[in-house]
A.B. asks: 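Please read through the structure below; I'll follow up with questions.
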Amino acid sequence: MADSSSSSPPEKGKGTTLPDPQAQAYTQPSPDEPVSEEKDVAEAKLSTSKESFNAIEKVESGTDLEENFVGKRNELNRMKSYATATSVTSAAPTGNIPVQKPWYKQPNPLRWGKIPKVPDERVVCPEYKAGFFGKLAFSWMGPLMTTGYKRPLQLNDIYAVNPNRAVEPMTDRMSESFKRRTANGDKYPLLWAMHETFAFEFWFGGMCQLVATVLQVMSPFVLRYLIQFAADAYFATVSNAPAPDIGKGLGLVFGVTIMQIIQSLCINHFIYRGMVIGGMARASLISLIYEKSMVLSGRARAGGAELPDIPAAKSAEKEAKKEAKRSKKGPMGKKDGVAGDGEGWGNGKIINLMSVDTYRVDQACGLFHMIWTAPLSLLITLALLIVNLTYSALAGFALLVVGMPLLTRAIKSLFIRRKAINKITDQRVGLTQEILQSVRFVKFFGWEGSFLKRLEEFRSREIKAIQILLAIRNGIMAISISLPIFASMLAFITYSLTNGSLPPAEVFSSLALFNGLRMPLNLLPMVIGQVTDAWSSISRIQELLLAEEREDEAEFDPDAKHAIEMRNASFTWERTPTQDNEATIGGDRKAPKQVKSSKKEAKPEPEQADSEAASTLVEEREPFKLQDLTFEVGRNELVAVIGTVGSGKTSLLAALAGDMRRTSGEVILGASRAFCPQYAWIQNTTVKENILFGKEMDKKWYSDVIKACALQADLDMLPNHDLTEIGERGITISGGQKQRLNIARAIYFDADIVLMDDPLSAVDAHVGRHIFDNAICGLLKDKCRILATHQLWVLNRCDRIIWMEGGKIQAVDTFYNLMQNSAGFRTLMETTAVEEHQEVGEAEKVPEEEEKSKKKKKSKGLMQAEERAVASVPWAVYSSYIKASGSIFNIAVILLFLVLSQGANIMTSLWLSFWTSSKYNLSMGAYIGIYSGLGALQALLMFTFMVALSIYGTTASKVMLRKAIGRVLRAPMSFFDTTPLGRITNRFSRDVDVMDNNLTDALRMYLFSIGSIISVFILIVAYFYFFVVALVPLFVLFLFATGYYRSSAREVKRLESILRSTVFAKFGEGLSGVASIRAYGLKEHFIADLRKAVDDMDSAYFLTYSNQRWLSVRLDMIGNLLVFTTGILVVTSRFSVSPSVAGLVLSYILGIVQMIQFTVRQLAEVENGMNAVERLLYYGTQLEEEAPIRTIDIRESWPEKGEIIFDNVEMRYRDGLPLVLSGLNMHIKGGERIGIVGRTGAGKSSIMSTLFRLVELSGGRITIDGLDISTVGLHDLRSRLAIIPQDPTLFRGTVRSNLDPFGEHTDLELWSALRQSGLVASESVESGGSGSNGEEPNEGAVVTAAAAARDPNRIHLDSVVEEDGSNFSMGQRQLMALARALVRGSQIIVCDEATSSVDMETDDKIQATIANGFKGKTLLCIAHRLRTIIGYDRICVMDKGRIAEMGRPLELWRIEGGIFRGMCDRSGIRGEDFVSGEGDKEE
C-alpha cells in the first residue's frame, strides 16, 4: 500500500481553513456533527471506532484478533492527523432511560411531559412526507430533538433513510448511467453518471446559494442608506432642519431583516442539500466499489491487466499520471499507478478508495457551488465598493487580490511539512503498535525502558515539527484574518486623501462589505482544494470501475459424469504487486500466526533453498504456477492432496475455487462448490450467521453439523450460545474454533463439491479425528471432497491421493499403490509417520490452554466495555490539561493576550468612528498613523495569542502521552487480556492526533469567537443601554436551543460512528473473504448486506446534518432578532447618537449573526477534543500498575547456580477466576534440564507466567538461588532470565536490533549466536572452515559477513526485518528467538517450545542447539513434541494445576497406566527410544 498517510487531503482546517471564525461559522458544521469538518477526514480513515479498526486489521492479517492486532502500518496511517471524529465507540445504549419526575420537581419546563418510549422499529424519516414550511425550517426534526432532550437516543429512534435516498435505487441508477456512458465512449462517465443521478437536488442547492450570495452582498449595501438616514436625522437636530420621516428608517430596518432571514434560509438549504448529496454520492460509490471488488480479476488485483481501450480509461490514466507528478506537493502522496504498472488493486488500496476517496467526493459536494458563486460575490462586492468609495476601493481590493494567492502559496508549503510530520507520526504509531502487539514479549525480556526511549525520541521530533508547523500556520492565519482590515484601511486612507473627508454612511457600509469578503475569500481556496481532490478521487474510482473483471475459470456442467475434471489445465497466480503484500486466497500472504504461511509464496525454509522461490526476503519473484494438471474426481470420492511446504496444495484448491487464473487446458465442475480456506474467514457476526452463511435455517441439519464439527462444547461456553458475536468487542475465538466454524459452514452449505485446505492443522488431534470421522467421512460421505493436508494419518482413509511437487502432480493413486510403487512416497511417509502422529497428539497444546483460560474468563464476558463519557467533560480534565502544559497560570497568559487582541480590534474600529466624526481635532496624518498602528498591533497580538496557545497545547499533549504510554507498558497482563488492542492503539494514534492538531485550533477559534461576541455586545451596550433588554431573553433562548441541540446531536453522532464502523467492518470483511464468497456464489447476498449497512449509516449521517441545520435556522433567527433590535435602536435614538457610532454598531452586528452559530459549533468541537484528553488522562492516571521495576539491590552475578524452588505455589489469572496452579511444589537443581508436559489447560504455561511474575502469585513463593523473587524488582528479575517464547516475536528493524536492542553485545557474540542457532549455516564460512560451534569465530564472522554480502538470501546482522518478521519463514523466526536467548546468556532458560511450526530437520537442529548451547544452564522446557524431551534429566507431568508425575523419563515410562506412559504410547515412543535418549545424554 502506498503510504496512505500522505494521501490524506490537505490540511483543511489547518492550512487552508477559514482562519476567520466568521467564515468558519459558515462552513464548518460542528464536530458534534459528523464528518462535517475536513479534519475528520481520517474518520474515514479508519473509523475511529475500534471495531472497524479491528475489522480492518482482521482483513489485513487474517489472524486471531486478540493475539494479533496486526496494525499493518498503513492501516494505522489511515488514522492520521486530520481526525476529530469524537472518539466514541461503544455501541451500548448510553445511559438508562431517565425516570419520569412530576412537573413541579422539574425546574426545566422543556423536560415536562412524558418521556417518550423507545420505538419497536425505526420509522421512515418524516422529511419524506413533511410539508413546505416543515421542510423550510426543518421542523420535522422536532420530535427527535424533543426525545433526545428528554432521554438519550437509542438506535431505534433514528429515522430510517427516505426511500428516495436509499442506496439501492441510487446505485442502480448511477450504475446503469455509468455503463451506458462508458459504452457511448464518454470521457468522464462516472462524473456525468453522478450528475445525472443527483441533478435536481444538486441544482436546487445551487440556486439557493445564488440567492444567498446576492443578498449577502446587498445587506451591507442597504446599511449605507440606513446609516445615511441616521446621519440626516442627527444633523437635522444639530442644524434644526426638518428630520426625515421615521417610516423610511423603519422600512429600511425591516428590509435588512427580511433580507437576512431569506439569506439565512437559503444558506441553510444550500448546505443541507450539498451535504446530503455528498452522503448519497458516497453511499452509491461505496456500493459500486464493493460490487466491483467482488468481480475484480486476479490480474487486475495484481496490476497486470491493462485498462480497456476506451476514452474513459484513457482519461483516468491521464489523471493518474498527473496525480503522480502532483504527489510531490499535492495532498495525495500516493503515487498511484496506472493499471498495468504493477501497482494493482490490493485490498488496502480498495479500502483506501472506499474510505478516503469516497469521503473526499462527499466533502466536495457540500460546498461545491461556492466555486462559481464566490467569484460572483467578489465581483458584485467590488462594484458596490466602487459605488461607495469611487476608485479608492480598488486600492483595498488590490491588496486582497495580491494577498490571497500569496497566502495560498504559503499554505501549500505547510503540506510539505505536514507530510514530513506524518512520516514521523507513522513511525511513532507503528512502533507503539508493535510494542503493544508483543507486550507480553516486551515484559518477558524487560525491554520496556528501551522502547520508551525510542518512542520518546520520535515524539520529541514530532512535537517539535508540529510546533514549527503551527507557528507558521498561526502567522498565516493572523495575516489572513487581518487582511480585510488592512484592505479596508488602505481603501479608507486613499479615500480620505483624495476626498478629504470620510462620510460615515459610505465608510461603515464599506467596512461591512470588506468584512463580508472574508467569507468567499477564505472559503474559495478550500473549496477549490476539495474539488480538485474529489476530481482525482473520482478518476481513481473510475479507473477501478473500468478494471478487468474475472471470468469464471471453470465450466459448469451438471450432467458431467465426474464432479471435477481437469484436462491439461495450467494456472498461475499473478505477479506480486510491487511490495504490496497482498492476499492470496482469502488470507494474507503474511498470516504470521498461521502455521504455514499461505502456500502461494510459502517462504521455503533455508534448507530447501533450491526451490523456486528461494529468497527469504520478499523480492520480486516469479508467481507460482500449476502446470499440466490432469485428473478427475468422482461424485462421492474423498481425495487428499499432499506435498511438502510450497508444493502447490493450496494453489490447487484455489484453482478449483476459481481463484487462480487459468492459462490453458479446461476445467469442468459438475456441481456446486463450498470452500474452506486454510485461513479461516470468519464474519463479524453471530456464530449462527457464520455457519448459515446466507442459507435458510434447517434445525436438524444445523445441529448435526454442530455435533460433527465438535462445536457443541464451545457454544456452551460462549455467553450467548450461538448468538454470541464474534470478532467485534474482542470476543475473539481461538484458531481451532475458527477453523471448525469454517468447516461447519462448508458442510452446512450442502454443496456437492467441498474443497478443504488443511482444515485440521489448527485443531487438537482428538478433535481432528472427530471431525474427520463425523464430518468429512460422515455427513459429507456422499459428496466429492478434496482435502489438502499435512496430517498424514488421514491418507489411508482416502479414496485417492494427489501428490503435488513444485506445482506439478507427481502422482494420483490410492494410498496402497503409492506405498507399493513409489519410493519417494514411502520416504515421505516414514520420515513423518511417527512424528506426525505425535505432533498431532501434542501440538496446539498451549494455544488451546490459553483458550481454556480465556474461556473460563469468557463466561463473565471477556472484554471490558470501554469506559465512556456520557455527559460533558468534567472540569478536572480541563485543569489537568492546563497543568500538563507547564503550569496552571498559562491560562492567564492566554486570556491576557486574547483580551488585548480583542481590545485592539474594537479600538481600531472605534478609532475609525472617531475619525469619521472628527472627534479629536487631529491632522489627517495623525488619524491615519494611529489607525494603521492599531491595525498592525491587533494582528501582532492575535499572532502572539495563537502561538502561545498552540505551544502550550502541544506541550500538554506531549506530557500526557508520555505518562499514558509509560503507564500502559507498566499495566499488568490482565489489562491487555481484557482490552482489545485496537482500543489502546486508537488512544495513542487518533486521540493523540486530535490533541496535537485539532484541539488547540478548536480552543483558539472558540475563545476567539467568544471574545469577539462579548466585545461587540459591550460596544453596543455602551452606546445603546436598551440593548440589554433584548439581549437577556435572546441569550436565554440561545442557551435553550443549544442545550436542546447538543443533547441529541451528541447521541446521533455517536450512533453514526458506530454504524459507520459497521460499514467499514463489513466492507473490509467482504474484501478479505472474496475468495470464499465467490466460491460459494454468494455475491448478491453480501452486496445486499453491505447496502443495508450503508443505509443504516446514512440514516444517522443525514440526521446529523438536518440536526445541524435545525439549530442553524433557530440561531439565525436569534441573530436576526438582534440585528432587528439594533436597527430599531439606531432608528429610535437617531437624534442622540452620532451616525459614526450607529454605523459602527450596525456593521458589527451583521457579522455577529454567523459568529453565534459558530461559537456553538466550536464549543462542541472543544468538547470532542477534550474527550480525547480525558481518554488519555484515564490511561495516564487510572490504570493499575505492576510491581515496581526496581526494589532491592541484587548482586550482579545472580542467579549463579540457577536453582529454582516452587513452594506451595497458587495462582489465578484474575480475581474471581478459579486457581490455575494449586499447591505446586517443585525443586529444580542448578543446571538441571526439566521437560514439562501435560494436556491442554494443565497449567504448563502458567508456570512460566509465575516465574516471570507476569501474574502475581495468590499464595506460596518461588525462590531462585535462595532469593524470593517477589522481593526482586521486575526489571532485575526479568532481565536475568531468558525465554524462547511460543510465538517468536520479531520487531521491525534489523537482525541486530532484534537480537540485542540495547546494543550490549559485540557483533562477534551475535554472529556466534546466529551460527549456533543454525540461522547462518556453518558451511557458509566456506573458506574459514570453522567448526559448527565456531571455534575460530573471528575469521568465521568476517567470512560470514562477506558471504552474506555475496548472497542476498543469506541472513546477516544487517538483514532487514519487516514488521512481525513477515519476511522470514516461521522456522527462521523460531531460530531467531533461539539466537536471542543464546545472546542473553542467562543461567535460567525457559523454553515454551514451539517447534510445531518447524519441519523435522529444523526441529532436530533446535534440539541440538539447546543441548549444546545451553550446557550447564537450568532449562525448563514446555514440550509439544514428546520426542524432544525424552532425553532430559527429569520430566514433570502437569494435570489440573498440580504435578501428577515427576521423575526421570524412563522411570515414568515404566509406570503402567501412568499419564506419561499413555502419552508415549499415543506418540509411538517405545522403551528403546529412552535408552538412546539417555545414551545421547551420557555422551
A.B. asks: Name all residues meeting the salt bridge (charged side-chain N to carboxylate O under 4.0 Å, His left out) criterion together with E555; count only those two or more places apart in sequence or in a different chain, and write none if there are none.
C.D. replies: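 With neighbours one apart ignored, the set is empty.
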
A.B. asks: If you look at every heavy atom in L656 and R673, which pair is closest and at what distance?
C.D. replies: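 Reported closest heavy-atom pair: O-NH1, 2.9 Å.
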
A.B. asks: Would you check if the distance from the ring center of F749 to the ring center of Y1080 is below 6.0 Å?
C.D. replies: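 Ring centres of Y1080 and F749 closer than 6.0 Å.
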
A.B. asks: Less than 4.5 Å apart, side chain to side chain, heavy atoms only: is that true for I350 and Y290?
C.D. replies: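 No, too far: nothing below the 4.5 Å cut-off.
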
A.B. asks: Sequence neighbours left out, what passes side-chain hydrogen bond (donor to acceptor under 3.5 Å, both in side chains) with D752? Give chain and number order.
C.D. replies: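 For D752 there are no side-chain hydrogen bond (donor to acceptor under 3.5 Å, both in side chains) partners, ignoring immediate neighbours.
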
A.B. asks: Just so I know, are the side chains of S672 and I753 near enough to count as touching, which here means a heavy-atom distance under 4.5 Å?
C.D. replies: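 They are not in side-chain contact.
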
A.B. asks: Less than 4.5 Å apart, side chain to side chain, heavy atoms only: is that true for E168 and D172?
C.D. replies: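 In contact.
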
A.B. asks: So S539 and E543, side chain to side chain donor-acceptor pair (under 3.5 Å) or not? Walk me through it.
C.D. replies: CA-CA 6 Å; S539 35; E543 195 185 331; over 6 Å; no

A.B. asks: What do the steps show when you test L692 against Y702 for side-chain contact (heavy atoms from CB on, under 4.5 Å), and what is the final call?
C.D. replies: CA-CA 8 Å; L692 296 184; Y702 181 73; 4.0 Å; yes

A.B. asks: Can you name the ring pair (Phe, Tyr, Trp, His ring centres under 6.0 Å) partners of F178, sequence neighbours left out?
C.D. replies: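 Partners of F178 by the ring pair (Phe, Tyr, Trp, His ring centres under 6.0 Å) criterion come out as none, since no residue qualifies.
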
A.B. asks: With the side chain counted from C-beta on, respond yes when S651 and W573 share a heavy-atom pair under 4.5 Å apart, and no when they do not.
C.D. replies: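 Answer yes - side chains close enough.
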
A.B. asks: For a 4.5 angstrom cut-off between non-hydrogen side-chain atoms, does M354 reach V1063?
C.D. replies: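 Counting from C-beta outward, M354 and V1063 do come under 4.5 Å.
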
A.B. asks: Please evaluate residues F556 and I668 with respect to the criterion side-chain contact (heavy atoms from CB on, under 4.5 Å), reporting the C-alpha separation (whole Å), side-chain torsions for both, the decisive distance (0.1 Å), and the verdict.
C.D. replies: CA-CA 6 Å; F556 282 96; I668 300 169; over 6 Å; no

A.B. asks: Please enumerate all residues that pass salt bridge (charged side-chain N to carboxylate O under 4.0 Å, His left out) together with R1078, with sequence neighbours excluded.
C.D. replies: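 R1078: salt bridge (charged side-chain N to carboxylate O under 4.0 Å, His left out) contacts with D659.
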
A.B. asks: Hey, is the main chain of D559 close enough, under 3.5 Å, to the side chain of D557 for a donor-acceptor pair?
C.D. replies: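 Checking the backbone N and O of D559 against the side chain of D557, a donor-acceptor pair under 3.5 Å is found.
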
A.B. asks: Which heavy atom in V754 sits nearest to a heavy atom in A746, and how many Å separate them?
C.D. replies: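 Closest approach of V754 to A746: CG1-CB, 4.1 Å.
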
A.B. asks: So how far is it from R301 CZ to E548 CD, rounded to the nearest 0.5 Å?
C.D. replies: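 The CD atom of E548 is 12.5 Å from CZ of R301, to the nearest 0.5 Å.
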
A.B. asks: Please walk me through it: do R661 and S297 pass side chain to side chain donor-acceptor pair (under 3.5 Å)?
C.D. replies: CA-CA 8 Å; R661 181 159 53 91; S297 74; over 6 Å; no

A.B. asks: Does the pair D750/K783 count as a salt bridge with the N-to-O cut at 4.0 Å?
C.D. replies: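 Yes, this pair counts.
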
A.B. asks: Hey, could you give me the OG/CZ distance between S284 and R282, rounded to the nearest 0.5 Å?
C.D. replies: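 Output value for this atom pair is 12.0 Å.
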
A.B. asks: Roughly how far, to the nearest 0.5 Å, is CD1 of I743 from CD1 of I691?
C.D. replies: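 With rounding to 0.5 Å, CD1 (I691) is 11.0 Å from CD1 (I743).
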
A.B. asks: Step by step, work out the salt bridge (Lys or Arg N to Asp or Glu O under 4.0 Å) result for R360 and D357.
C.D. replies: CA-CA 5 Å; R360 286 188 190 160; D357 290 316; 3.8 Å; yes

A.B. asks: Yes or no on salt bridge (Lys or Arg N to Asp or Glu O under 4.0 Å) for D1095 and R1091, after CA distance, side-chain angles and deciding distance?
C.D. replies: CA-CA 6 Å; D1095 275 338; R1091 284 179 170 181; over 6 Å; no

A.B. asks: How far apart are the closest heavy atoms of A281 and V361, and which atoms are they?
C.D. replies: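 It is CB-CG1, 4.4 Å.
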
A.B. asks: Where is the tightest heavy-atom contact between C784 and A563, given as atom of each residue plus distance?
C.D. replies: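 Minimum heavy-atom contact is CB-CB, 3.6 Å.
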
A.B. asks: I would like to know whether T358 and I541 meet side-chain contact (heavy atoms from CB on, under 4.5 Å); could you show each step before the answer?
C.D. replies: CA-CA 8 Å; T358 57; I541 294 172; 4.2 Å; yes

A.B. asks: Can you name the residues that form a salt bridge (charged side-chain N to carboxylate O under 4.0 Å, His left out) with E549, not counting sequence neighbours?
C.D. replies: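 Testing E549 for salt bridge (charged side-chain N to carboxylate O under 4.0 Å, His left out), a comparison that skips the adjacent residues, returns K292.
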
A.B. asks: Within the 4.5 Å heavy-atom criterion, are T197 and M170 side-chain neighbours or not?
C.D. replies: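 Side chain of T197 against side chain of M170, heavy atoms only: contact under 4.5 Å found.
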
A.B. asks: Do you know which two heavy atoms are closest between F675 and A1079, and how far apart they sit?
C.D. replies: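 Taking every non-hydrogen atom into account, CB-CB, 3.5 Å.
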
A.B. asks: Considering only NZ, NE, NH1 and NH2 on the basic side and carboxylate oxygens on the acidic side, decide whether D722 and K688 come within less than 4.0 Å.
C.D. replies: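 No, D722 and K688 are not salt-bridged.
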
A.B. asks: Closest approach of S355 and F1064, non-hydrogen atoms and distance?
C.D. replies: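 In terms of heavy atoms, the two residues are closest at CB-CE2, 3.4 Å.
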
A.B. asks: Please check if atom NZ in K695 has more than 12 non-hydrogen atoms from other residues, nucleotides or ligands closer than 6.0 Å.
C.D. replies: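 Count over threshold, so yes.
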
A.B. asks: List for me each residue that meets salt bridge (charged side-chain N to carboxylate O under 4.0 Å, His left out) alongside R165, sequence neighbours excluded, and say none if there are none.
C.D. replies: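 So R165 forms a salt bridge (charged side-chain N to carboxylate O under 4.0 Å, His left out) with E127, E201.
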
A.B. asks: Any side-chain donor paired with an acceptor under 3.5 Å for S175 and K179?
C.D. replies: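 Result is yes, a qualifying pair exists.
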
A.B. asks: Quick one: does P169's side chain get under 4.5 Å of N164's, heavy atoms only?
C.D. replies: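 Contact flag for P169/N164 side chains = no.
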
A.B. asks: Could you grab the distance from atom CE of M660 to atom CG of L653, nearest 0.5 Å is fine?
C.D. replies: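 The distance works out to 11.0 Å.
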
A.B. asks: Determine whether V667 and F571 satisfy the following criterion, side-chain contact (heavy atoms from CB on, under 4.5 Å), listing intermediate values before the conclusion.
C.D. replies: CA-CA 11 Å; V667 183; F571 297 87; 3.5 Å; yes

A.B. asks: Do Y748 and F693 have ring centroids that are under 6.0 Å from one another?
C.D. replies: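 No; Y748 has its ring centre 6.0 Å or more from that of F693.
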
A.B. asks: Judged by atom type as modelled, is there a donor-acceptor pair below 3.5 Å linking the side chain of T663 to the main-chain atoms of S570?
C.D. replies: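 Yes, the answer is positive, given that a donor and an acceptor are paired below the 3.5 Å cut-off.
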
A.B. asks: Take R173 and E196 through the test salt bridge (Lys or Arg N to Asp or Glu O under 4.0 Å) and record every step on the way to the result.
C.D. replies: CA-CA 9 Å; R173 259 172 38 208; E196 186 179 327; over 6 Å; no

A.B. asks: So, D362 versus Y1101: side-chain donor-acceptor pair below 3.5 Å or not?
C.D. replies: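 Yes.
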
A.B. asks: Within the distance-only criterion (no hydrogens, no angle test), does the side chain of S537 pair as donor or acceptor with the backbone N or O of D533 below 3.5 angstrom?
C.D. replies: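 Judged by distance alone, yes, a pair lies under 3.5 Å.
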
A.B. asks: Between L155 and D1096, is any pair of side-chain heavy atoms under 4.5 Å apart?
C.D. replies: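 Contact flag for L155/D1096 side chains = no.
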
A.B. asks: Once you round to the nearest 0.5 Å, how far does CG of L544 lie from CG of L190?
C.D. replies: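 Here the rounded value is 10.5 Å.
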
A.B. asks: Nearest 0.5 Å please: distance from the CG atom of L1082 over to the CG atom of D1089.
C.D. replies: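 The distance works out to 11.0 Å.
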
